[in-house]
Each structure stands twice: as C-alpha cells, then as structure tokens.
Visitor: 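Sharing a structure, written as structure tokens. Questions coming.
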Protein chains: 2
Amino acid sequence: MTRQDSIRLSGTSYAVLGLVRHLGRATPYDLKQLIAESLDNFWPVPHTTFYAEPTRLAAAGYLVEEQEPGGRRRKVYELTDQGRQALERWVADPASAAPVLHDEGVLKVFLGADPSAVFGARRDWHETKIGELERHLEGIRFALDGDPPNRGSLEGIAAALAAGIAFHRTYLTLLDEQLADQGP
Amino acid sequence: MTRQDSIRLSGTSYAVLGLVRHLGRATPYDLKQLIAESLDNFWPVPHTTFYAEPTRLAAAGYLVEEQEPGGRRRKVYELTDQGRQALERWVADPASAAPVLHDEGVLKVFLGADPSAVFGARRDWHETKIGELERHLEGIRFALDGDPPNRGSLEGIAAALAAGIAFHRTYLTLLDEQLADQGP
DNA sequence: ACTCGTATAGTTCGACTCGAACTGTTCCAA
DNA sequence: TTGGAACAGTTCGAGTCGAACTATACGAGT
C-alpha cells in the first residue's frame, strides 16, 4: 500500500523520477553521473539532492527503495506505478514554468561595477565551457557511431549538450555586443 | 559597536546592500518596488527575502535598522560603513559566479515531452513578456525626457530592462529554431 | 600481500531560501 | 461611512543547498 503523504513535487522531483525511469534501477550516484554536464545546464541539481530527494519520493510512494546488504550499502531505487503515472501526467502537460536566469555579473554591473571588467572575465569562462561541452559531445557522438546499447539515452544527452552549447554561444555573442558598446 | 556574527553574504545580500545604498533610506517594500521587472530578470528575489535579509544584515552590522513608531511601524534601513565597504569590495572584484539557468521546459523535453507543444507554449509567453518590458521601458524613457530627479536610478533600470528584452528576444529566436527543426 | 593515492560513493548538518497564506493599513469612491 | 481594492508587512514550515566529512573500492608500484 503506497503512502499518500501528499508531498509537493518540484521540477527536481520529476527530474529524479525521469532519470530513474530511464535507468530502470538507479542509485543516487548513477543519477548524478547521468546528468553531469548535460541536463545540468538547464536544470542544476546539487548532488546532495540526489540522496535526499529519492528518500522523500519513496516515502510518498513514488519510488521503491532497496538497500544493498553489504559493501557500500547503497540505496537502489525503482519507479512505482504511482511514480510512473505522476511523471507521465506532468510530461504530457505542455505548460511549463517560466525560465529563470541568475546572473551575478549583471547584478554587479547593475550595482555599479565596470562592465568591461565583469563581462570580459565572463567571456573567457563561456569559451572554456563551450570547449568542455564540445569535447563531451564529440565523445558521445563517437559512442553513437559504435553499437548503441543505450542509444536513446545518449541521444537525449547529445541534444541537451547541443542546446547547452547553443546557449553559451548566444551568451557569448550578447557579451561581445556589450563589450563593443563600451570601451575602445 | 558593530557585531561580527560573520554571516555568509550571497549575491542577494549585496543586492540588498546596493539597493539600500541607492535609496539612502529604504523600507523592504521600497526595495521590492525598485527591482520589479528590471533587475528581477537577472537576479530574482522573492519579496519575503526583502523582509528577512535586511534583518540578518542589520544583525551583522551591515545595515542599521530603525522602526517607525506609529502607523505601519515599518522598518527603515540605512547602510553602515561596514556595509558600504563590503559592497564596494564585492563590486570591485570582476569575478562573478557562473550564470545559472533553470528551464522547466527543456527539462520536460529531456524527459520525453513533445518539443513543439512545450516550446510553442513558451514562445507566446516570451512575446507577452517582451511586450510588458517594452511598455515599462517606454515609460522610463518618457520619464527620462522630463526632469531627472533620480536620473542615475532610472538609467540603471532602463539598462536592465533593455538587457532583459534582449535576453527574451534571443530566447525567442532559439525557440523558433527548435520549432523549425521539428515538424511543419 | 601490502599500502598509498586517487576516484568513487554516501552522509550529516545547519544555515539559508522560498512561497503560501495570512494580517493589518491606507486610500478612495460610492 | 463604509466597503473594497491596493498597499505593506509578517509568519511558518517545508524545501534547498553547499561545506565538510566519512567510508569504500581500485590500481599501481613495491
């Protein structure tokens, strides 16, 4: 009998349910590994949440929790019907919360910092980031050329990576425009 | 004697300090009004934080807190030297934390939602938002054409609004590209 | 076989954050 | 003169986060 503690489900909750559905059986660490560098660009989840949130979801009946008897005694999660249904309902609804951006650099400039200094530093960061994501994406593409055991998974990650790269490129363009409007 | 409870200062803390510096004397409600629709695009601050955070900052010596004797008994804040120095030090440092984006729509698509449905709905939202911001910006520009009592303030807000509009436009472009890549 | 370093895996804690819901105040028009 | 809308402020508890820490596994060199 699943419990109905009627907890609130956030985007992060659904992210956890979705990742568990994807892996079938997953430990918190698996979840963390899955999204590093891909989904993380659009929906950051601190790693501690992957330990806390599944426990919450299991208590409310969306997941089942098992613990390995020996070794690291890791907890392994699987979706329940209730979890699957909640996830499907949420995914089917095309409405989504407005995107939210947190940019400390713009805040600094708003509070009087020198735009060239702040945006200049930021520029380099985006370039580095793009490099990382591209390298990662290449790796995935290479894997996709071989045999595809987990093809679907990799394709989703590739799409997220491509979108992430597009996002950072756009940001770079915007920054360069700002920098051009300023200094010499 | 200012207390040194050595609290952690987040971007939001500095935002509060900066807004108080800007206004000279400010109530929480003033702060909230100041950033609605402008800074909010890059550094969202829930309104309750404008009640809690200044209290925290005052306890640690960054602000002084006074309470109106009658009426609404509002609390009024002013910057201390300690607060001013902390703010200046932070603003002078060109390094800033990486921008962070939260986009539930992309999350949904990542988890298997229909991209056209999700992005289509989102598209309209951005258009509405741009309209609002543009109307607001026009208002500010009109005010700037008149006499400028608080000119500096308004210019900062105008800049933030312009950047916000640019951001949403860019997002719109990206969404349209995604929608074009999909079906008809 | 052993042991040291590194990578992997997991947890605890407390401070902070957030939003829902509520209360109180002021203003203004009917 | 009173009732409703807009304005202003607060409370509360659940949720979120990151720093710091512990523990386990693996592997290279000895």
Side-chain angles (χ1 to χ4, degrees), chain A residues 3-17 19 23 25-37 40 43-60 62 65-77 97-98 100-102 104 107, chain B residues 3-17 19 23 25-37 40 43-60 62 65-77 97-98 100-102 104 107:
Chain A
R3 287 198 258 120
Q4 274 292 13
D5 289 348
S6 82
I7 55 174
R8 217 186 334 150
L9 296 183
S10 63
T12 298
S13 311
Y14 292 109
V16 168
L17 292 177
L19 294 170
L23 294 173
R25 275 170 71 77
T27 69
Y29 198 74
D30 294 335
L31 301 177
K32 179 191 149 201
Q33 295 310 94
L34 224 197
I35 71 149
E37 301 233 314
D40 201 53
W43 198 267
V45 179
H47 86 281
T48 50
T49 294
F50 285 126
Y51 293 93
E53 186 68 13
T55 301
R56 236 183 107 236
L57 293 172
Y62 296 96
E65 179 180 300
E66 267 176 75
Q67 188 155 29
E68 293 180 346
R72 292 192 173 171
R73 304 183 49 69
R74 295 185 296 177
K75 287 174 182 158
V76 183
Y77 295 92
V100 175
L101 180 66
H102 278 251
E104 206 182 74
L107 174 60
Chain B
R3 287 199 259 120
Q4 273 293 9
D5 288 347
S6 81
I7 55 173
R8 215 188 332 152
L9 297 182
S10 63
T12 297
S13 312
Y14 291 110
V16 168
L17 292 177
L19 294 170
L23 294 173
R25 275 171 73 76
T27 69
Y29 199 73
D30 295 335
L31 300 177
K32 181 192 149 199
Q33 295 309 94
L34 224 196
I35 73 149
E37 301 235 312
D40 202 52
W43 198 265
V45 179
H47 85 281
T48 50
T49 295
F50 286 126
Y51 294 93
E53 185 69 13
T55 301
R56 238 184 104 235
L57 292 172
Y62 296 96
E65 180 180 299
E66 268 175 76
Q67 187 154 27
E68 292 180 347
R72 295 195 170 169
R73 303 183 49 70
R74 297 183 296 177
K75 286 175 183 157
V76 183
Y77 295 92
V100 174
L101 181 66
H102 279 249
E104 207 181 73
L107 174 59

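Throughout, a chain's letter reflects where its sequence line sits, starting with A, and its residues are numbered from 1.
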Visitor: Between A/Lys32 (NZ) and D/dG18 (P), how many Å, whole number?
Guide: 13 Å

Visitor: For DNA chain D, whose closest nucleotide is more 5', that of B/His47 or that of A/His47?
Guide: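 The residue whose closest nucleotide sits nearer the 5' end is B/His47.
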
Visitor: Would you kindly give the CZ-to-P distance between A/Arg8 and D/dA14, to the nearest whole Å?
Guide: 10 Å

Visitor: Is there a side-chain polar atom (N or O) of B/Arg56 under 4.0 Å from OP1 or OP2 of C/dC16?
Guide: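 Affirmative; the distance criterion is met.
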
Visitor: It should be established whether B/Ser10 places a side-chain nitrogen or oxygen under 4.0 Å from OP1 or OP2 of nucleotide C/dT17.
Guide: yes

Visitor: Between D/dT10 atom P and B/Glu53 atom CD, what is the distance in whole Å?
Guide: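 Checked: the CD to P distance equals 15 Å.
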
Visitor: Would you kindly give the CD1-to-P distance between B/Ile7 and C/dG14, to the nearest whole Å?
Guide: 19 Å

Visitor: If the condition is salt bridge (Lys or Arg N to Asp or Glu O under 4.0 Å), which residues does A/Glu65 pass it with, not counting sequence neighbours?
Guide: none

Visitor: What is the distance from atom CG of A/Asp40 to atom CD1 of A/Ile35, rounded to the nearest 0.5 Å?
Guide: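 Rounded to the nearest 0.5 Å, the CG-CD1 separation comes to 4.5 Å.
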
Visitor: Between P on C/dC18 and NE2 on B/His102, what's the gap in Å once rounded to a whole number?
Guide: 10 Å

Visitor: Mind calculating the distance between CG (A/Leu57) and C1' (D/dT16) to the nearest angstrom?
Guide: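 Spelled out: CG on A/Leu57 to C1' on D/dT16 is 14 Å.
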
Visitor: How do A/Thr27 and B/Ala52 order along DNA chain C: which one's closest nucleotide is nearer the 5' end?
Guide: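 In this pair, the answer is A/Thr27.
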
Visitor: Assign each of B/Tyr51 and A/Thr48 to its nearest nucleotide of DNA chain D by heavy atoms, then name whichever residue's nucleotide is nearer the 5' end.
Guide: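 Its nearest nucleotide being more 5', the pick is B/Tyr51.
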
Visitor: With distance as the sole criterion, is a donor-acceptor pair present between the side chains of B/Ser13 and B/Glu53 under 3.5 Å?
Guide: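 Side-chain D/A pair, B/Ser13 to B/Glu53: present.
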
Visitor: What's the CZ-P distance between B/Phe50 and C/dC18, to the nearest Å?
Guide: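 Roughly 11 Å, once rounded to whole Å.
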
Visitor: Can you tell me how far C1' of D/dC7 sits from CG of B/Leu31, to the nearest Å?
Guide: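 Rounding to the nearest Å, CG of B/Leu31 and C1' of D/dC7 are 16 Å apart.
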
Visitor: Under 4.0 Å between any heavy atoms, over every strand shown, what does B/Gln33 touch: base, sugar-phosphate, or nothing? Just pick one.
Guide: nothing

Visitor: Specify the closest pair of heavy atoms between B/Thr49 and B/Pro54, including all atoms of both residues, with the distance to one decimal.
Guide: O-CD, 3.6 Å

Visitor: For B/Tyr77, which residues count as a ring-ring contact (aromatic ring centres under 6.0 Å, His included) partner, sequence neighbours excluded?
Guide: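 ring-ring contact (aromatic ring centres under 6.0 Å, His included) list for B/Tyr77, sorted by chain: empty.
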
